[in-house]
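Every heavy atom of this structure was used, including side-chain atoms; hydrogens, water molecules and symmetry mates were not. By convention in this document, chain letters (A, B, ...) are assigned in the order of the sequence lines, proteins followed by strands, and residues within each chain are numbered from 1.
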2 protein chains.
Amino acid sequence: MTVEAIMAPLFRRLQTTTDAGRDDLLALTSLPTTLRQYRENQTILRDGDRTSECCLIADGFCVRSKTIADGRRQILSIHLPGDLPDLQGLHLPAMDHDLVALSDCTLVFIAHAAIRDLIRSRPTVGDIFWRDTLVDAAVVREWIVNVGQRAAHNRLAHLIVELRERLHLTGRVTGNTFAMPLTQEQLGEALGVTSVHTNRILRQLRIEGVVELQRGMVRILNETKLQELAQFDGRYLHLSPSS
Amino acid sequence: MTVEAIMAPLFRRLQTTTDAGRDDLLALTSLPTTLRQYRENQTILRDGDRTSECCLIADGFCVRSKTIADGRRQILSIHLPGDLPDLQGLHLPAMDHDLVALSDCTLVFIAHAAIRDLIRSRPTVGDIFWRDTLVDAAVVREWIVNVGQRAAHNRLAHLIVELRERLHLTGRVTGNTFAMPLTQEQLGEALGVTSVHTNRILRQLRIEGVVELQRGMVRILNETKLQELAQFDGRYLHLSPSS
DNA sequence: GCCCCTGCTTAACTTTTGTTAGGAACAGCG
DNA sequence: CGCTGTTCCTAACAAAAGTTAAGCAGGGGC
């Protein structure tokens with residue numbers, strides 16, 4: 001896999017969401033990287049780990065999650081190709097959550113030292129990365145709203161729309177279908193409900209002809225109804241450099 | 001109010017949580033600031049606002065919140081003296097949530113331009129601020145776990161302990177008492193439950209002799225029981241520079 | 001001192017969600 | 001091909017939380 005192919009989703013995302021210059025992106029390709037493959041369900045980083053490198057998702061889906069004392073688990077965010085899910089490690093030495101591969105994944109790792117060097121010589125890259133962690137935080141804030149205030153079926157609708165918007169950025173939506181490789185159990189952990197209840201909601205949405213979820217693929221059946229349920233306002237994704 | 005008095009809580013916090021040098025802190029005092037007072041319940045920044053300055057809380061409590069279409073509101077985080085609750089504005093031009101004064105507040109505003117200049121001349125200050133936004137994000141992530149997985153009384157206990165830990169950083173806890181100036185309605189908005197249910201939980205905790213909340217002051221009656229309920233693991237606060 | 005407003009408190013009732021417990025479908029593997 | 005383990009699906013029942021509707025308490029303004 002070439003560096004260009006690995007970095008493609010990141011570049012595509014940065015090109016539309018930031019005003020990174022051509023030379024900034026080029027500088028990124030010169031970073032030394034280590035490619036690693038992960039299997040479905042494999043833990044990439046564990047709560048408490050101390051990291052000396054950051055990872056970029058070249059392919060596959062990952063989640064951040066936290067497990068509390070009684071064994072319950074909460075998924076904190078879903079990460080797609082082009083995401084840098086542990087960029088915070090640059091300034092927070094210890095992980096405060098797990099990073100897990102949802103599907104088989106291709107990740108590349110970049111040493112913190114190399115990133116720091118690049119930022120020192122090119123402060124704009126630092127600004128782009130800082131902004132990236134801030135958008136990430138904005139997504140996490142909206143996640144709180146979802147889990148805290150919306151009814152379960154609205155939550156699911158909102159998550160589906162968010163994921164579609166973010167996948168669209170890197171050209172991973174075809175028609176009304178896209179990948180969302182979470183089991184109903186994991187979906188429940190993301191939404192803060194049990195797997196039984198997730199199943200109930202999915203059935204309801206299927207029967208009402210809103211969306212269908214099969215073998216990790218979402219198919220949107222009725223866009224209008226979906227929008228109505230999701231009440232999605234994508235400003236928090238900060239998709240344009242000026243937002 | 002002198003610059004020193006205004007910056008004191010920020011300095012105290014940075015001194016224990018980062019390895020900011022004396023000269024870095026000194027450099028902060030030289031930033032031009034504008035002092036503004038806000039009344040209880042006054043909105044400081046509105047969802048959608050475009051900012052050209054950041055604020056530092058010198059005194060009082062603020063919250064970030066989001067209101068969804070049906071009028072429900074979710075509180076996303078609580079901010080204390082020494083916090084920079086809209087530092088993200090440095091790289092995200094538009095607010096994606098509200099910032100509201102919970103109590104009467106004293107804030108100072110610092111122009112983005114001045115901060116950017118300082119960061120350019122002192123990259124360490126940039127690192128400290130970046131880290132600050134990352135810790136903020138970590139707190140928000142834990143908030144998801146709270147709202148998503150814990151039962152309502154555990155949520156409240158967790159919030160109380162978190163707040164105490166953070167207030168302790170700037171010496172705002174005396175014995176087993178500290179300020180938490182949220183109405184039961186607001187507490188519900190923070191925990192993702194209704195005000196009626198908040199009242200139920202508070203009554204239960206009062207009867208069981210765990211905590212008492214009166215006129216915006218928390219009084220911890222039984223530390224052991226509180227810990228048991230909160231299952232608090234403070235690593236996510238990243239209180240030491242090496243964590 | 002009284003009024004008014006906000007916040008607190010409670011109860012009765014409804015709805016949502018969790019729990020427990022199965023069985024069915026399906027994929028991977030020997 | 002049949003075994004095994006996971007995921008999906010469903011139902012019956014229990015618990016948690018929301019809704020609605022009151023009355024009460026206390027502080028600020030007149």
I'd like to check the side-chain hydrogen bond (donor to acceptor under 3.5 Å, both in side chains) partners of [X]; sequence neighbours left out, ordered by chain and number.
| X | answer |
| --- | --- |
| B/R219 | none |
| A/T17 | none |
| A/Q37 | A/T106 |
| B/Q227 | B/E223 |

**Study point:** Sequence-aligned protein contact record of nucleotides 14-30 of chain D, with B where the base is within under 4.0 Å of a protein heavy atom and S where only the sugar-phosphate is
**Key:** ---BBBB----------
Check your understanding: Tell me, which pairs form a salt bridge (Lys or Arg N to Asp or Glu O under 4.0 Å) where one or both residues lie in residues 191-202 of chain A, sequence neighbours left out?
Key ->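 Every pair satisfying salt bridge (Lys or Arg N to Asp or Glu O under 4.0 Å) with a residue in residues 191-202 of chain A: there are none.
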Check your understanding: Which residue pairs satisfy the salt bridge (Lys or Arg N to Asp or Glu O under 4.0 Å) criterion with at least one member in residues 4-14 of chain B, sequence neighbours excluded?
Key ->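 Passing the test, one end in residues 4-14 of chain B: B/R13-B/D83, B/R13-B/D132.
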Check your understanding: Roughly, in whole Å, what's the span from CG in A/L187 to C1' in D/dT7?
Key ->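 Nearest whole value for this atom pair: 13 Å.
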Revision key, fill the gap. Whole-Å distance, A/L182 CG to D/dT7 P, equals 12 Å
Check your understanding: If you walk 5' to 3' along DNA chain C, what is the first nucleotide with an atom under 4.0 Å of a heavy atom in chain A, and what is the last?
Key ->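 Boundary nucleotides touching chain A, in 5' to 3' order, are C/dT17 to C/dT20.
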Exercise for review: Name all pairs fulfilling the ring-ring contact (aromatic ring centres under 6.0 Å, His included) condition that reach into residues 166-203 of chain B, sequence neighbours left out, sorted by first residue then second.
Suggested key: none
**Study point:** Terminal axis angle for the helix from C/dG1-D/dC30 to C/dG30-D/dC1, five pairs an end, nearest 10 degrees
**Key:** 40°
Exercise for review: Check side-chain contact (heavy atoms from CB on, under 4.5 Å) between A/S65 and all other residues, then give those that pass, not counting sequence neighbours.
Suggested key: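 Result, side-chain contact (heavy atoms from CB on, under 4.5 Å) vs A/S65: A/R73, A/I75, A/D98, A/V100.
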Check your understanding: Using 4.0 Å as the upper bound for N to carboxylate O, is an ion pair formed by B/R64 and A/E142?
Key ->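 Salt bridge flag = no for B/R64 with A/E142.
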Point to revise | Qualifying side chain to side chain donor-acceptor pair (under 3.5 Å) pairs with a residue from residues 48-61 of chain A, counting only residues at least two apart or across chains | key: A/R36-A/E53
**Study point:** Upstream residue (5' side of DNA chain C) when B/N41 and B/R203 are each assigned their closest nucleotide
**Key:**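 It is B/N41, whose closest nucleotide lies nearer the 5' terminus.
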